[in-house]
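Here the structure is a predicted model, which means the values were calculated and not measured. Letters A, B, ... are given to chains in the order of the sequence lines, protein chains preceding strands, and every chain is numbered from 1.
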Number of protein chains: 2
Amino acid sequence: MARRSDHTKEQIKEMALSAAEKLVTRDGLQGLSARKIAHEIGYTVGTLYLVFENIDELISHVNARTLDMLYESLLAATVSCRQPRTCILAIGRAYVEFATRHPHRWKMIFEHNLAKGVEAPQWYRMKVNRMFELVEQQLQPLLAGQSRKKIAQTAKTLWCGVHGICALAVTNKLEVDDAQSIQTLTDSLINHFVAGIAADIPV
Amino acid sequence: MARRSDHTKEQIKEMALSAAEKLVTRDGLQGLSARKIAHEIGYTVGTLYLVFENIDELISHVNARTLDMLYESLLAATVSCRQPRTCILAIGRAYVEFATRHPHRWKMIFEHNLAKGVEAPQWYRMKVNRMFELVEQQLQPLLAGQSRKKIAQTAKTLWCGVHGICALAVTNKLEVDDAQSIQTLTDSLINHFVAGIAADIPV
DNA sequence: ACCTGAACACCGTTCAAGT
DNA sequence: ACCTGAACACCGTTCAAGT
């Protein structure tokens, strides 16, 4: 058992988060528990409550790290693309790729529901919003003259759609399973949606 | 405590499912437990294991009932519409309406993940598939000449998209909260997607 | 035959007591 | 000051024992 002053609070926090990541990656949210994390880092459960308010806060921090990884992947996908449509396709493919490569980490972001009425903290919402902004940037030229709000709404619409396909595919609720087929669906959604924007139908 | 022969196995099953529905409606999947269900119906936990294999099987049956309710709602939405596009919009609105009216029941369908490698039983998948078929029927005239498989894939693409919007909205992960705004997004997705189909872009 | 009640191996969370 | 370890109120699941 680790004793006093072996590690600073910051170090324990880091050790706990990284142990949690390991456990989630292997067994998903179901396989995560305060006791298992504590055991993994050589402390007792009580210690976790000295550095985290509760298990939900710990999970939020793991999710924040996952969001950072995801954002990096999506950002990387936008560097070598030219037209808006192909950029959006590239972001979509990066999203599918991430979800299928890190299914448990990715799913936990959405499985972890905050207590009723509790809002996610500002820093967390920022991490989510900048993901939508990547899509907004690409939609801008396609929606020239439209308000910022309208563009943001369009990005949400499209991206929630892409997310829905991933979510049902990764949880085996669709009858497609490999990344290839999921990509066919997300490509199709993006292509049709973008074509629909081009057709400029009134909504 | 209920004693022998007070109820048949079928009656206990029905009582348990209906107690579970009540608990889920109020407190969501988190608030559901075998012990609470048993207490609600006046039996001990052990009895539940005489009529259900485990809690997962019980939850699957509650979900099956929710799927039946949902299917009825979607079906009802298709009776008084004329064009494919307006029919799909109507089904989408019925879906949003159901998800926002019965958030816990609706969410549990997707929160409940089967054990790894275990497939949902045939009767369950049928209930899911007939929902997609409602959309396929409406897409058919828009995709005249396309293969059944292609039409099925298009229905999945669109409906997963609609689902994604609902899912993120109902779990407060979007910054829209009332059914009105969700509907704006799903309407937009459907309208753009259908317009994209009409534009007949190659995918 | 039907159901109980206690047991087992787990949870998250708290906090008096030890070093 | 830092961390433990035991307690509390919960889980799902099993099964010998009671009626």
Side-chain angles (χ1 to χ4, degrees), chain A residues 1-17 19-24 26-63 104 108 111-116 118, chain B residues 1-17 19-24 26-63 104 108 111-116 118:
Chain A
M1 282 294 125
R3 289 282 157 185
R4 59 160 82 183
S5 302
D6 273 7
H7 304 95
T8 65
K9 282 200 174 191
E10 278 316 309
Q11 284 175 318
I12 294 176
K13 219 163 181 167
E14 174 55 36
M15 289 158 67
L17 288 177
E21 284 179 328
K22 188 178 148 193
L23 289 167
V24 166
R26 207 184 52 199
D27 303 321
L29 177 56
Q30 309 276 3
L32 197 66
S33 83
R35 283 178 159 89
K36 285 186 195 165
I37 295 168
H39 179 258
E40 195 82 19
I41 66 174
Y43 280 84
T44 58
V45 238
T47 303
L48 285 182
Y49 289 84
L50 298 173
V51 292
F52 294 103
E53 211 185 312
N54 50 39
I55 206 76
D56 278 348
E57 205 213 341
L58 189 154
I59 290 171
S60 290
H61 279 93
V62 175
N63 282 343
H104 288 141
M108 193 167 80
E111 284 169 353
H112 185 239
N113 290 307
L114 298 164
K116 208 172 176 173
V118 179
Chain B
M1 284 293 126
R3 288 283 157 183
R4 60 159 82 179
S5 301
D6 274 7
H7 305 95
T8 65
K9 281 200 175 189
E10 277 317 309
Q11 282 175 321
I12 293 176
K13 218 162 178 167
E14 173 56 37
M15 287 158 68
L17 288 177
E21 284 179 328
K22 188 178 147 191
L23 289 167
V24 166
R26 206 184 54 199
D27 302 320
L29 177 56
Q30 309 274 4
L32 197 65
S33 85
R35 283 176 159 88
K36 284 187 196 166
I37 294 167
H39 180 257
E40 194 83 19
I41 66 173
Y43 280 85
T44 59
V45 237
T47 303
L48 285 182
Y49 289 83
L50 298 173
V51 292
F52 294 103
E53 209 185 314
N54 52 38
I55 206 76
D56 279 347
E57 204 213 341
L58 189 154
I59 290 171
S60 290
H61 279 94
V62 174
N63 282 344
H104 288 141
M108 192 167 81
E111 285 169 351
H112 183 241
N113 289 310
L114 297 166
K116 206 171 178 175
V118 180

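Of the two residues near DNA chain D, A/K9 and B/A34, the one whose nearest nucleotide lies more 5' is A/K9. In this structure, A/L32 and A/T47 both approach DNA chain C, and ranking their closest nucleotides by distance from the 5' end singles out A/L32. Each of B/I12 and B/V45 was assigned the nucleotide of DNA chain C with the nearest heavy atom; the assignment lying further toward the 5' end belongs to B/I12.
Pairing partner, C/dC11: none, since no Watson-Crick or wobble contact has both distances short of 3.5 Å. The base-pairing partner of D/dA16, taking Watson-Crick or G-U wobble contacts with both distances under 3.5 Å, is C/dT4.
Look at NE2 on A/H39: it is 16 Å from C1' on C/dC11, rounded to the nearest Å. Rounded to a whole Å, the CG atom of A/L48 is 14 Å from the C1' atom of D/dG5. Going from atom CZ of B/R35 over to atom C1' of C/dA9 covers 11 Å, rounded to whole Å. Rounded to an integer number of Å, the gap from B/K36 NZ to D/dG12 C1' is 14 Å. In this structure, the CD1 atom of B/I37 is 17 Å from the P atom of C/dC3, given to the nearest Å. Put simply, CD on B/E10 is 13 Å from P on C/dC2, counting in whole angstrom units. Summarising the geometry, the separation between CG on A/D27 and P on C/dC10 is reported as 14 Å, rounded to the nearest angstrom. Atoms CG (A/L23) and P (C/dG12) sit 11 Å apart, rounded to a whole Å.
The phosphate of C/dT13 has OP1 or OP2 within less than 4.0 Å of a side-chain N or O from A/Y49. One finds a side-chain N or O of A/Y43 lying less than 4.0 angstrom from the OP1 or OP2 phosphate oxygen of D/dC3. Applying the 4.0 Å criterion to OP1 and OP2 of D/dC10, one finds that B/S33 has every side-chain N and O outside that range.
At least one side-chain heavy atom of A/E111 sits less than 4.5 Å from a side-chain heavy atom of B/N113.
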- [ ] Apply side-chain contact (heavy atoms from CB on, under 4.5 Å) to the pair A/V24 and A/I59, showing each step before the final yes or no.
- [x] CA-CA 10 Å; A/V24 166; A/I59 290 171; over 6 Å; no
TODO: Apply the test side-chain contact (heavy atoms from CB on, under 4.5 Å) to residues B/I37 and B/L32: give CA-CA distance (whole Å), side-chain angles for both, the deciding distance (0.1 Å), then the verdict.
DONE: CA-CA 8 Å; B/I37 294 167; B/L32 197 65; 4.1 Å; yes
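When distances run from any side-chain atom of A/I55 to the nucleotides C/dT13, D/dG12, C/dC11, the shortest one goes to C/dT13.
Taken to the nearest 0.5 Å, the NE2 atom of B/H7 stands 5.0 Å off from the OH atom of B/Y43.
B/H104 and B/D27 are not linked by any side-chain donor-acceptor pair at a separation below 3.5 angstrom, with hydrogens and angles left out of the test.
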